[in-house]
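I have placed the structure first, in the form of structure tokens, so that the comments after it can refer back to it.
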Amino acid sequence: MIEPEFSSMSKTELRAFVIAHLDNKAAFRAFVDRFTSEASPETFDIPKSNAEIEEVEILIKQKLEQLR
């Protein structure tokens, strides 16, 4: 089988290809590389107190509500 050109696929097409061809390691690597390269480099410290944990929980809940 000839490998498709993963770099020319949209994110949706690449994701669908990976799901349809779970044993294709090259497709999976292309998928991970694409999404990793586009991920935000921003990192966050681990919450150090109960107040910080509660603040993170509130922010997560707010973000989930925005996505609905």
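A side-chain donor-acceptor contact under 3.5 Å links Arg34 to the backbone of Phe6.
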Checklist entry - Stepwise, does the side-chain contact (heavy atoms from CB on, under 4.5 Å) test hold for Arg15 with Lys11? => result CA-CA 6 Å; Arg15 181 178 181 274; Lys11 285 182 179 181; over 6 Å; no
Next on the checklist: The test is side-chain contact (heavy atoms from CB on, under 4.5 Å); show your working for Lys61 and Ile58 and say whether it passes.
Outcome noted: CA-CA 5 Å; Lys61 288 176 184 175; Ile58 290 168; 5.8 Å; no
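A continuous path of hydrophobic side-chain contacts links Leu64 to Val56 [ILVMFWY only; heavy atoms under 4.5 Å].
Considering every non-hydrogen atom in both Glu52 and Pro47, the closest pair reads OE1-CA, 3.3 Å. Taking every heavy atom of both residues into account, Leu14 and Met9 meet most closely at CA-SD, 3.8 Å.
Counting non-hydrogen atoms of other residues, nucleotides and ligands closer than 6.0 Å to NZ of Lys25 gives a total of 12 or fewer. Residue-environment remark: CG (Leu22) exceeds the threshold of 12 foreign heavy atoms within 6.0 Å.
Below 30°, between 30° and 60°, or above 60°: for His21 and Phe17 the angle between ring planes is below 30°, a parallel geometry.
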